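Report on the following structure.
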Amino acid sequence: VAETLTPELRPGVVETTEDKSKSSLEPGYLVICWNDPVNFMDYVTHVFQLVFAWPRKKAEFHMRQVHEQGKSVLTRESLEKAEHYVHQLQRYTLHATMERDE
Amino acid sequence: VKLVRAAKDQFVFQLGAEEKHVLLHLLKLYPRLPPAHHRLSKEGRLPDPEASQRLLDEALAEQRAESKKKLHALLADPQRLKQNPHGWRLSLSSTEIEWLLQVLNDIRVGSWVLLGSPEEHLKTFNAQTAPHFWAMEMAGAFQMELLHLLEGKREA
């Protein structure tokens with residue numbers, strides 16, 4: 001994720017919804033956003049807010065994960081829902097894929 | 001680029017003559033990203049990976065064709081871009097701004113791909129790479145302007 005001149009933001013502890021039990025969602029697919037040096041941090045945050053209807057703080061937390069750890073698991077969904085999210089993220093030209101969860 | 005008016009769902013931007021020239025030149029480059037760029041999965045462990053990939057390719061191709069049509073219509077509409085003593089006024093709805101962000105990012109990322117997807121700095125700057133570098137940077141500059149304007153509006 002390309003850095004911009006915006007102030008540094010500390011993600012802190014952010015409550016996420018990924019703690020749903022795995023069994024209730026089987027079979028599961030992870031929607032992952034991967035780091036690249038071209039998409040701006042602000043843009044990635046903006047897209048996460050739009051696609052997942054997340055508050056800014058949560059969107060920034062995942063954007064930071066992408067930037068600092070190389071990827072972020074955005075959500076775990078059924079095949080159809082994961083496909084839908086990847087389509088949405090790729091419409092915005094983010095580097096997103098879906099991978100089968102073990 | 002300056003936001004001069006934001007009322008309900010209508011945003012009016014003021015552009016200088018040079019900004020308008022650059023924006024129109026950039027938008028003519030759309031679509032910039034090679035069609036086979038997007039992969040649905042890295043590992044490919046999906047029930048029918050080929051069909052799923054085909055579905056993604058078709059959806060993105062359809063979106064790009066629609067966007068291109070929309071872009072032509074927008075640029076041909078005399079009500080969208082009007083000249084005034086200070087330059088040009090561009091009127092857009094919030095949905096159109098979101099769409100314009102997608103278009104600009106396609107141009108930015110597509111130009112980066114055409115540069116060989118450099119991880120950090122561009123290694124070769126010459127007559128071949130300069131236009132792609134220019135398009136990548138200019139698309140990014142317009143994107144950031146729009147994002148900051150949207151953010152300012154959200155906080156206001």
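Order of the sequence lines sets the chain letters (A, B, ...), proteins ahead of strands, with each chain counted from 1. Given the structure is predicted, the values throughout are model-derived calculations rather than measurements.
Using a 4.5 Å heavy-atom threshold, the side chains of B/Q102 and A/T93 count as separate. At least one side-chain heavy atom of B/L147 sits less than 4.5 Å from a side-chain heavy atom of A/Y43.
Distance CZ/A/R91 to NE2/B/H38: 11.0 Å, rounded to 0.5 Å. Note that OH of A/Y92 and CG of B/L101 are 8.0 Å apart. Values are rounded to the nearest 0.5 Å. One finds the CD atom of A/Q90 at 9.0 Å from the CG atom of B/D57 (value rounded to the nearest 0.5 Å).
B/F133 pairs by the ring-ring contact (aromatic ring centres under 6.0 Å, His included) definition with B/F125, not counting sequence neighbours. Under the salt bridge (Lys or Arg N to Asp or Glu O under 4.0 Å) criterion, B/D77 pairs with B/R80, not counting sequence neighbours. Listed by chain and residue number, nothing satisfies the side-chain hydrogen bond (donor to acceptor under 3.5 Å, both in side chains) test with B/W134 (two or more places apart in sequence, or in another chain).
Heavy atoms of A/I32 lying under 4.5 Å from chain B are absent altogether. Looking at B/R108, the atoms closer than 4.5 Å to chain A (heavy atoms on both sides) sit in the backbone and in the side chain alike. Heavy atoms of B/Q63 lying under 4.5 Å from chain A belong exclusively to its side chain. A/A82 does not touch chain B: none of its heavy atoms, backbone or side chain, sits under 4.5 Å away.
Atom NZ of B/K70 is surrounded by more than 12 heavy atoms from other residues, nucleotides or ligands within 6.0 Å.
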- Task: List the steps and the verdict of side chain to side chain contact (heavy atoms under 4.5 Å, CB included) for B/L55 and A/H87.
- Result: CA-CA 9 Å; B/L55 196 68; A/H87 284 211; 4.3 Å; yes
- Task: Begin with the C-alpha distance, continue with both residues' side-chain angles, and end with the deciding distance and a verdict on side chain to side chain contact (heavy atoms under 4.5 Å, CB included) for B/Q143 and A/D42.
- Result: CA-CA 10 Å; B/Q143 259 188 313; A/D42 283 0; over 6 Å; no
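B/V4 and B/W88 fall into different hydrophobic clusters, where Ile, Leu, Val, Met, Phe, Trp and Tyr residues are linked whenever their side-chain heavy atoms come under 4.5 Å apart, directly or through other members. B/V12 is not connected to B/F142 by any chain of hydrophobic side-chain contacts under 4.5 Å among Ile, Leu, Val, Met, Phe, Trp and Tyr, and they are in different clusters. No chain of hydrophobic side-chain contacts below 4.5 Å, direct or via other Ile, Leu, Val, Met, Phe, Trp or Tyr residues, connects B/L114 to B/L29. In the hydrophobic cluster analysis, where Ile, Leu, Val, Met, Phe, Trp and Tyr join through side-chain heavy atoms closer than 4.5 angstrom, B/L24 is grouped together with B/L26. Under the 4.5 Å side-chain heavy-atom criterion for ILVMFWY residues, a single connected hydrophobic cluster contains both A/L30 and A/W34.
When each of A/E99, A/R100, A/E83 is checked for heavy-atom pairs under 4.5 Å with chain B, A/E99 comes out on top.
Minimum interatomic distance between A/P37 and B/P118 (heavy atoms only, all atoms of both residues): CG-O, 3.5 Å.
Of all residues in residues 40-49 of chain B, those placing a non-hydrogen atom less than 4.5 angstrom from a non-hydrogen atom of chain A are B/L40, B/S41, B/K42, B/E43, B/G44, B/R45, B/L46, B/P47.
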